[in-house]
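A short worksheet on the structure shown next.
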Amino acid sequence: MKKVGALQSIYRHPVKAMRGELLTSTEIDAFGLYGDRVYRFWDDTRPGKFLGADKVPALIGYSATMEAKQSEEEYPQVRVVASDGSVHEWGESLFSHVADTAKRPVTPIRSIPSEGKQDWEEHILLVTDASLREIARQIGSEWIDPRRFRGNLIVVLDDDEPFAEDKWIGKKLKINDVTLHVTMHCERCVYVNIDPDTLQRTPEVLKACVKRHDNNFGVYASVVETGTVSCGDDVYVLEE
């Protein structure tokens, strides 16, 4: 078992395509971070497709947080703050607001804990600090907001090596009592160009991902053993 870094930040996105919340600790269940992307909307103009910021960038102007876990049968209520300052729970006022913003009909979907999230490539997305700095350098900036990349776990590496996470693919990671199996790269889209606060677009971000790392940034992992992770936890690669 080799230590490769420590967990710097934890992000959960209760509503798909909206801004999420920064956590200090979280339960990892069989589907990933508890409550991650379990609320979402069908885009009724595109059968079989979820509403996303690639088609409606203004979705990132919404910020969603989730209440504390209270039941094993249903996920907690969410609180959504829209860019106009209005506050909504998961209900008709939010549904109408999102439809108006998207300028299209939508259908809300709320998962239950027994099914988790069903529309994501893998359970958890990991991003490293060294890779973030490399993309920032590529666009001539000192810093880039990690929220652009919508990762769940941000890892500070012991060695400042951009894209060192590539070496984790096919291997297992240990974080506290959680075991993850790293499966593949995350291929990027226009999401990364959108500033999560201002919604302004910076096309150079996606171009940098393409130029520097074949349009990949971060790695996906599936859950092998459930448990709890917290900021500051050491991250280990299990040698096999």
Side-chain angles (χ1 to χ4, degrees), residues 8-27 32-46 49-71 74-113 117 119-120 125 127 132 136 139 141-154 188-206 231:
Q8 180 187 60
S9 307
I10 302 169
Y11 288 95
R12 176 172 65 189
H13 308 91
V15 182
K16 181 176 172 64
M18 295 182 180
R19 290 203 311 271
E21 54 188 335
L22 185 63
L23 307 176
T24 57
S25 182
T26 186
E27 174 187 347
L33 271 69
Y34 175 81
D36 187 56
R37 298 176 174 89
V38 297
Y39 292 83
R40 52 212 186 276
F41 293 89
W42 287 115
D43 182 343
D44 292 347
T45 67
R46 299 187 300 151
K49 299 289 187 180
F50 288 107
L51 192 66
D54 55 337
K55 301 297 183 184
V56 186
L59 283 176
I60 296 180
Y62 293 83
S63 179
T65 57
M66 179 176 280
E67 296 178 357
K69 182 178 180 180
Q70 298 175 341
S71 167
E74 63 181 12
Y75 286 110
Q77 180 61 264
V78 289
R79 180 179 184 269
V80 177
V81 181
S83 58
D84 61 7
S86 60
V87 180
H88 310 265
E89 290 189 339
W90 190 255
E92 289 302 326
S93 71
L94 176 63
F95 307 157
S96 297
H97 201 288
V98 169
D100 289 344
T101 297
K103 296 180 173 57
R104 66 191 70 195
V106 299
T107 299
I109 302 293
R110 179 179 182 174
S111 295
I112 57 175
K117 55 188 177 185
D119 63 307
W120 197 231
L125 179 57
V127 169
L132 287 165
I139 65 172
S141 177
E142 294 184 358
W143 178 80
I144 192 166
D145 195 326
R147 295 178 299 164
R148 286 180 181 265
F149 301 92
R150 300 183 69 79
N152 297 120
L153 305 180
I154 313 298
R188 290 301 172 170
C189 68
V190 295
Y191 266 77
V192 301
N193 289 337
I194 305 171
D195 184 294
D197 290 322
T198 67
L199 304 186
Q200 293 182 342
R201 299 195 191 195
T202 307
E204 291 77 15
V205 178
L206 184 58
C231 292

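Basis for what follows: all heavy atoms, side chains included, without hydrogens, waters or symmetry-related copies.
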Thr202 vs Asp195 side-chain heavy atoms within contact, under 4.5 Å: no
How about Lys69: does its NZ atom have over 12 heavy atoms from other parts shown lying under 6.0 Å from it? yes
Checking side-chain contact (heavy atoms from CB on, under 4.5 Å) between Leu51 and each of Ile109, Thr101, Val98, which is the one that passes? Val98
Give the C-alpha distance, both sets of side-chain angles, the deciding distance and a yes or no for side chain to side chain contact (heavy atoms under 4.5 Å, CB included) between Phe149 and Ile154. CA-CA 10 Å; Phe149 301 92; Ile154 313 298; over 6 Å; no
Without hydrogens or angle criteria, can the side chains of His97 and Tyr62 be said to hold a donor-acceptor pair below 3.5 Å? yes
Before you tell me yes or no, could you show the steps for Ile10 and Thr24 under side chain to side chain contact (heavy atoms under 4.5 Å, CB included), namely the whole-Å CA-CA distance, both residues' side-chain angles and the distance that decides it to 0.1 Å? CA-CA 7 Å; Ile10 302 169; Thr24 57; over 6 Å; no
Check whether any side-chain heavy atom of Tyr34 lies under 4.5 Å from a side-chain heavy atom of Arg12, and answer yes or no. yes
Note, Met18 side chain near Tyr39 side chain (heavy atom, < 4.5 Å): no
Tell me, with the steps shown, if Val15 and Phe41 meet side chain to side chain contact (heavy atoms under 4.5 Å, CB included). CA-CA 9 Å; Val15 182; Phe41 293 89; 4.3 Å; yes
Look at the side chain of Asp36 and the backbone N and O of His13, then say whether any donor-acceptor pair between them is shorter than 3.5 Å. yes
Please check if atom CZ in Arg110 has more than 12 non-hydrogen atoms from other residues, nucleotides or ligands closer than 6.0 Å. yes
So do Val127 and Arg148 actually touch side chain to side chain, heavy atoms under 4.5 Å? no
Kindly indicate whether the side chain of Tyr11, heavy atoms from C-beta on, has any atom under 4.5 Å from the side chain of Leu33. no
How about Arg104 and Lys55: do any of their side-chain heavy atoms sit closer than 4.5 Å? yes
Between Pro105 and Thr45, what is the shortest heavy-atom contact and its length? CD-CG2, 3.8 Å
Between Gly52 and Tyr191, the two heavy atoms sitting closest are CA-OH, 3.4 Å
Check whether any side-chain heavy atom of Arg79 sits under 4.5 Å from a side-chain heavy atom of Pro14, and report yes or no. no
Short side-chain donor-acceptor distance under 3.5 Å, Arg40 and Ser111: yes
Stepwise, does the side chain to side chain contact (heavy atoms under 4.5 Å, CB included) test hold for Arg147 with Asp197? CA-CA 10 Å; Arg147 295 178 299 164; Asp197 290 322; 2.7 Å; yes
With the side chain counted from C-beta on, respond yes when Ser9 and Leu22 share a heavy-atom pair under 4.5 Å apart, and no when they do not. yes
